[in-house]
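The sequence lines fix the lettering, A, B, ..., with proteins before strands; numbering per chain opens at 1.
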Number of protein chains: 2
Amino acid sequence: MSYSDSASQILDIAEVRMRQAGYNAVSYRDIAAQMGIKSASLHYHFPKKEDLGVALVQRYAAAFQDRLLKDLSDGDTPRERLSTFVNLYETALLDHQLICLCAVLGAEAQGLPRRVSREVQIFFTQNIEWLTSVFDEMSVSNPDRAAKTALSLLEGSMIISAVNADNSVFKAAADLILSRGFYRND
Amino acid sequence: MSYSDSASQILDIAEVRMRQAGYNAVSYRDIAAQMGIKSASLHYHFPKKEDLGVALVQRYAAAFQDRLLKDLSDGDTPRERLSTFVNLYETALLDHQLICLCAVLGAEAQGLPRRVSREVQIFFTQNIEWLTSVFDEMSVSNPDRAAKTALSLLEGSMIISAVNADNSVFKAAADLILSRGFYRND
DNA sequence: GTCTATAATTTGATAGAC
DNA sequence: GTCTATCAAATTATAGAC
């Protein structure tokens, strides 16, 4: 999926706002104002808000995958790949002070158009699958469990860190995921 | 803080909707419709929506503390107290299919009135402090770190479990928190 | 405490010209 | 692709009667 310059700019503005304040806080009027155009023009690119929401999550998930592949190197150990994964979340929080889009939308999923919440579900599922395969290579006794807890740690700690303005919460989560104790057998 | 019957009912309805779809998805009109009264009447109890939001989080946090104290027994070991804490979250998710109110509001905190987001912050901070004291009694090497990761696990896994309609994510998080490996030294 | 009436604003959305 | 013009609906909120 590729977008025009205008469509990309719409998605850029919408993404920032949505990651700060949620789906319902994003309005065509505000986006258009930031772009210096009229809100009616946005409907040319995304006829319904639902279309904008779906495109946003799809682009976000694709960009996440792209970035992950670019940051990975051929000779990386499973543990290094895990670290790269965690770093993607860390960069978003520390450099851009933004929570994961899917954490925000996931929290209000029952109020979203189904097409949007389905994309969020796909993002979580793909992340869990990717993490499971990494933990599997690390010979963790229960890779699926490790993957689910690791993703929960990242998403949950982002939220608490942002609210409390305390990055130590995220760092504690990231450290735990990368610690030996995390994937050691019980 | 105590509320009249009407105020309590308003808060009840608002809480369910907010935990499903977020702050902006709650409207005076919808609440009034469910109560069989007019939306203007709600302003007698909560003049501004911000007041409703603040009252909601305060009541939620107080009810959480009350329930925790009631569920705890005098002879409980630290480990049993931890289990009781986790059970509060588990009950909300499994029995009522609701995410923690503060997880939802925390995710969109940057778009909330400051008085509301401050209450969310207080809830998180108090939970971390309570958990820290429990982990401290368990002789965990870093109780603060354990508390922050435990809360992150609970909040994050609730969101993912709800979106994916897969309670195994929450169970994996709960199991990890209560496992020996979680609070073992690295 | 609840009502009627009303206001001001915002919002998503459409039709049709350029 | 963007504009003007317009709309219907929703939303928060207030004033004043009952």
Side-chain angles (χ1 to χ4, degrees), chain A residues 1-57 59 104-105 108 110-117 119, chain B residues 1-57 59 104-105 108 110-117 119:
Chain A
M1 218 56 97
S2 186
Y3 298 102
S4 69
D5 286 352
S6 292
S8 291
Q9 196 183 355
I10 293 167
L11 291 171
D12 290 343
I13 295 169
E15 182 180 327
V16 171
R17 179 66 179 155
M18 209 174 281
R19 289 170 74 175
Q20 289 173 335
Y23 184 84
N24 291 313
V26 171
S27 83
Y28 275 44
R29 183 172 151 273
D30 286 347
I31 297 170
Q34 286 189 55
M35 295 178 67
I37 63 176
K38 298 298 173 182
S39 72
S41 307
L42 298 194
H43 290 275
Y44 170 80
H45 303 281
F46 304 101
K48 314 266 179 187
K49 189 176 178 181
E50 185 179 331
D51 301 319
L52 173 60
V54 171
L56 204 45
V57 183
R59 191 186 72 152
V104 177
L105 297 185
E108 54 185 8
Q110 299 199 54
L112 298 177
R114 295 208 177 160
R115 284 173 56 214
V116 178
S117 59
E119 296 296 331
Chain B
M1 218 56 98
S2 187
Y3 298 102
S4 69
D5 286 353
S6 292
S8 290
Q9 196 184 354
I10 293 168
L11 291 170
D12 289 343
I13 296 169
E15 182 180 325
V16 171
R17 179 66 179 156
M18 208 173 282
R19 288 170 75 175
Q20 289 173 335
Y23 184 84
N24 291 313
V26 172
S27 82
Y28 275 43
R29 185 172 149 274
D30 286 347
I31 297 170
Q34 287 188 54
M35 296 177 67
I37 62 175
K38 297 297 174 181
S39 73
S41 307
L42 299 194
H43 291 275
Y44 169 79
H45 303 280
F46 303 101
K48 314 268 179 187
K49 188 176 179 181
E50 185 178 330
D51 301 318
L52 172 60
V54 171
L56 204 46
V57 183
R59 189 186 73 152
V104 176
L105 296 184
E108 55 185 8
Q110 299 199 55
L112 297 177
R114 294 210 177 160
R115 284 172 57 212
V116 178
S117 59
E119 297 298 331

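- Taking both residues in full, the closest heavy atoms of B:Pro113 and B:Tyr23 are given as CG-OH, 3.7 Å, listed atom of the first, atom of the second, then distance.
- From the 5' end on, the contacts that DNA chain D makes with chain A at under 4.0 Å to a non-hydrogen atom open and close at D:dG1 to D:dA5.
- Not a single donor-acceptor pair under 3.5 Å links the side chain of B:Tyr28 to the backbone N or O of B:Lys38.
- When every heavy atom of A:Met35 is checked against every heavy atom of A:Ile10, the shortest pair comes out as SD-CG1, 3.5 Å.
- Annotation: the span from A:Gln110 atom CD to A:Leu112 atom CG amounts to 9.5 Å, rounded to 0.5 Å.
- When all heavy atoms of A:Ala21 and B:Asn24 are compared, the closest pair comes out as O-ND2, 4.1 Å.
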Protein and nucleotides 9-13 of chain C: nitrogen or oxygen contacts under 3.5 angstrom:
residue	atom	partner	partner atom	Å
C:dT11	OP2	A:Arg29	NH1	2.9
C:dG12	OP1	A:Val26	O	3.0
C:dG12	OP1	A:Lys49	NZ	3.0
C:dG12	OP2	A:Tyr28	N	3.0
C:dA13	OP2	A:Lys49	N	2.7
C:dA13	N7	A:His43	NE2	3.2

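- Listed by first and then second residue, the salt bridge (charged side-chain N to carboxylate O under 4.0 Å, His left out) pairs that reach into residues 4-25 of chain B are B:Asp12-B:Arg59, B:Glu15-B:Arg19, B:Glu15-B:Arg59, sequence neighbours excluded.
- Annotation for B:Leu56 and B:Leu11: closest pair CD1-O, 3.4 Å, computed over non-hydrogen atoms.
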